[in-house]
Colleague: 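My questions all concern the structure below.
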Amino acid sequence: MKNLNKSLFGSRQASNILRYGVLIILVIIASILAPGFLSMQNILNLLRTFSFLGLISIGMTFVIIAGGIDLSVASNFALSGVLLGLFEHWGIYLGHVDKLSLLAPTPILFIIILLIGAFIGFINGLIITKLRIADFAATLGTMVAVRGLAFTISGGRTIFGLDSIAIFMGQGMIGPIPFVAILFIFLIIICEVVLKDTIFGKRLFVCGENPIAAKLSGIDAEHYKIAAYTISGLFASLAGLCMAGRLSVGEPRVAEGWELDAIAAVVIGGTSLAGGDGSVVKTLLGVVIIAMIRNILSLIGILPEPQDMIMGLVLLAAVILGSLGNERGALKRA
Amino acid sequence: MSNPALLLEVRGLSKSYPGVRALDNVDFDVMRGEVHCLAGENGAGKSTLIEIIGGSYQKDSGTICISGKEVTLKSPQHAQQCGIAVLHQELPVLKHLSVAENIFLGRQPRNKLGFVDYREMNRQAEKWLEMIDSKIDPRALMNGLSISKQQLVSIAKAISLQAEIIIFDEPSAVLTDQELERLFQIISLFRSEGKGIVYISHRLEEIFEIADRVTVLRNGKLVGTELTSTLTHEGLVKMIVGHQVSEEYISNKEPLHGPQPSLVISKLSRNGVLTDINFEVSRGEIFGIYGLVGSGRTEVARAIIGADPIDSGNIFFDSKKIENHTPWQAVRNGFCLIPEDRKSQGLFLEKPIIDNIALPALPQLTSGVLIDNKKMIDYSTELIRKLKITASHPRQYVKFLSGGNQQKVILAKWLGLKLKVYIFDEPTRGVDIGAKEEIRNLIRSIAQVDGIVILISSEISEIMTMADKIGVMHEGKMTAIIERAQATREKLISYSMGYKNL
């Protein structure tokens, strides 16, 4: 039985343990550097700062499991904030410049914006599966186009003044815990169940691993890929709404480059870029590791640009680790 | 013993792969000004022989002499320098380069500054192309050309390399009749120029049309080399098939008469791939499909389950028209395919056995919206037990299983669903002998419980022991349907080569 366990789970388990080890070391380093680090206040703050990236990364996990990659998430994120601002300041066009004049009640606005976000993901999926465009190229296109759209409709301006529900999404607290963190953790749990214990989840994994075999097993692999992109669009949009609330503005420049952070979080967490393997809990781990490293680098006074450089190296290390721990990574290259 | 007419002389050539003796002490020679055909069943060793002569594979033992000088061919480039050109069926052309660039790849004429002299290159290319009387523009891009024109470009390249020995690997499989006619003219031209031609073919007519001599291989051994002028069609078929007695394959099963055919395939066609495929299978029957590589046998299966689109034709099940436009529709209609390449098309190697088996059955294994893990494990372990899949644990990853057990996992996946039509494409390829028999018994047991089985195989003995009726494929057509009692190896092979009047 011991042997069996080794052959069944060996290398995977090892690389997962390594990830948790890295996290613990990071926590120790941080608490030495900043004595206040392990205080409840700081942890809750940290939780809030990484929840926005975390929400994007959940959607990204679905796409990467399905064997794709979504570069359009950060643009989608920005568009949602801008749309919220515009929809709440509809009155600008009617002459009431300063007043909030909602196009519809806030919850309905939210639903409309989430649907738009999901629709962008759906379009990504359609382009990739029906037109057979590489995932990378297709979403690079929508990334540029959607960011352009956000700039165009906002006129490049920041839209100030959002209503209280939106602000609660980004800034509100439930007891001592930030609302967005609760939302993030709640959705991690839901998505973990969806991926591991539903027909949809099981099929998504096999479609990501081997779309040809999935097709011959009677599964429409293309539909599942489109679904994954739609989910990614939905989560990017939701994260964008929360961020707009956090900043109290609709801002077209927000989250530039976050698509790469989200991909990094998924990969560092241990989800295979080859598709067909991974989980949102792993992604949570990846998000926390990224947030911790950034936090520590800030604590020791490193500027954001060198931080990016270090994050890049961490990502490379994670990818190398991933393909070492995973035979398939090596096989794919061969 | 230097015979000046002898261009290529191969003596005692042997080559083994792990577990297979691909070539065993084979002699082969090519004279100046002759066309020498190579014939044999799939896996007889033809490809291995030409890959060694072409320098792609290394021989284990034996000698190769070119124009009387012994050589050791180290690489395809080396073979090229020795005057050997191999024209593969799948031509390694660079599609985004021009015709002339392909002809002069790696040896482009240069001008004084060391840059490629395109004008000179195109001029020379035109000269070579004219020599084989083709009107291809040397500036045209390769990906704009048909396969046959690409073939002509490769021929032009071969002669521009001053190749003395030109080897054609089954060109007829990819060319149309007119294109082939053209190719034969070119080959005749080469013959009159004193070059040596090796031509591999599965078509008997063709062999008699162009070859001066024919060499037959079987199971890696030389059967013989004969002059075509003294050989009959029947004689050649005998050489290819061997003089084995067919008795061992005589059926011990009663022929089925009685039930109406349940599955009727009618006029199935796909442009350029399948032409007018018709056959019927009754419940409890195994319908075999035999054919050589590229004959369209896998394509029939893919067309039936909707994996490839069809241009026309119908599928009827119990007199009802079935619409299988996609594999998932096919599964819903009770059809499944156990594909030829199980690792890349049938399995999820990075998933546990239970996930592989339960995949299509998931909708039955839920409680509410969630998958019931216990149901899933029970369902899978039941099938693992039934099919005697040897695994250390139901959660073992499929990639750690042997070929035979992997095949059984795919089978288990469909057996659990109790479908109506099972299509097996080469179910025992790459499976060890013990597991082979087990899988065959499983296939028989599906038929025994009134399943409909279509069995595609290139192994004659397998198809003759298993199938009740055998459809033979040749170039996308089903050239014959033979009852088991009437089936002989000779018949199957000659039909599969397109030769009908045996």
Colleague: Can you tell which part of Phe200(A) gets under 4.5 Å to a heavy atom of chain B, answering side chain, backbone, both or neither?
Modeller: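 Contact with chain B involves no heavy atom of Phe200(A) at all.
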Colleague: Please look at Lys413(B) and chain A and tell me whether the side chain, the backbone, both or neither of the residue comes under 4.5 angstrom of a heavy atom of that chain.
Modeller: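 For Lys413(B), the side chain is the part near chain A, not the backbone.
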Colleague: Please state whether the rings of Tyr397(B) and Phe400(B) are parallel, tilted or perpendicular, taking 30° and 60° as the class boundaries.
Modeller: tilted
Colleague: Tell me, do Arg19(A) and Lys282(A) make a side-chain contact under 4.5 Å, heavy atoms counted?
Modeller: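 Arg19(A) does not reach Lys282(A) side chain to side chain.
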Colleague: For Asn373(B), is it the side chain, the backbone, both, or neither that has a heavy atom closer than 4.5 Å to a heavy atom of chain A?
Modeller: side chain
Colleague: Answer with side chain, backbone, both or neither: which region of Thr366(B) has an atom nearer than 4.5 Å to a non-hydrogen atom of chain A?
Modeller: side chain
Colleague: What orientation do Phe62(A) and Phe235(A) show, parallel under 30°, tilted 30 to 60°, or perpendicular over 60°?
Modeller: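 Correct class here is parallel.
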Colleague: Measure distances from Leu365(B) to the heavy atoms of chain A and classify the residue's part below 4.5 Å as side chain, backbone, both or neither.
Modeller: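 Nothing of Leu365(B), per the 4.5 Å heavy-atom cut-off to chain A.
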Colleague: What option among Leu337(B), Asp341(B), Leu349(B), Thr326(B) has the most heavy-atom pairs under 4.5 Å with chain A?
Modeller: Leu349(B)
Colleague: Can you name the nearest heavy-atom pair linking Gly334(B) to Leu419(B), along with the distance?
Modeller: O-CB, 3.4 Å
Colleague: So which of Ile65(A), Val280(A), Val73(A) actually passes side-chain contact (heavy atoms from CB on, under 4.5 Å) with Met60(A)?
Modeller: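 Single side-chain contact (heavy atoms from CB on, under 4.5 Å) partner of Met60(A) among Ile65(A), Val280(A), Val73(A): Val73(A).
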Colleague: Counting only heavy atoms closer than 4.5 Å, note whether Ala307(B) contacts chain A via side chain, backbone, both or neither.
Modeller: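 For Ala307(B), the contact with chain A is made by backbone and side chain together.
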Colleague: With chain B, which of Ile199(A), Ile212(A), Val194(A) has the greatest number of heavy-atom pairs at distances under 4.5 Å?
Modeller: Ile199(A)
Colleague: For Thr390(B), does its backbone N or O pair with a side-chain atom of Asn405(B) as donor and acceptor, under 3.5 Å?
Modeller: yes
Colleague: Should we say atom CG of Asn271(B) is surrounded by more than 12 heavy atoms from elsewhere, each under 6.0 Å from it?
Modeller: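 No, CG of Asn271(B) has 12 or fewer neighbouring heavy atoms, counting only those of other groups under 6.0 Å.
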Colleague: Picking from Ile219(A), Leu216(A), Val193(A), Asp220(A), which has the most non-hydrogen pairs under 4.5 angstrom with chain B?
Modeller: Asp220(A)
Colleague: Checking heavy atoms, do the side chain of Pro363(B), its backbone, both or neither come under 4.5 Å from chain A?
Modeller: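 It is both, since atoms from each part get that close.
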Colleague: Let me know if Ile305(B) has heavy atoms under 4.5 Å from chain A in its side chain, its backbone, both or neither.
Modeller: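 Contact with chain A is through the side chain of Ile305(B) alone.
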Colleague: Please report the interatomic distance CD1(Ile128(A)) to CG(Asp135(A)), rounded to the nearest 0.5 Å.
Modeller: 4.0 Å
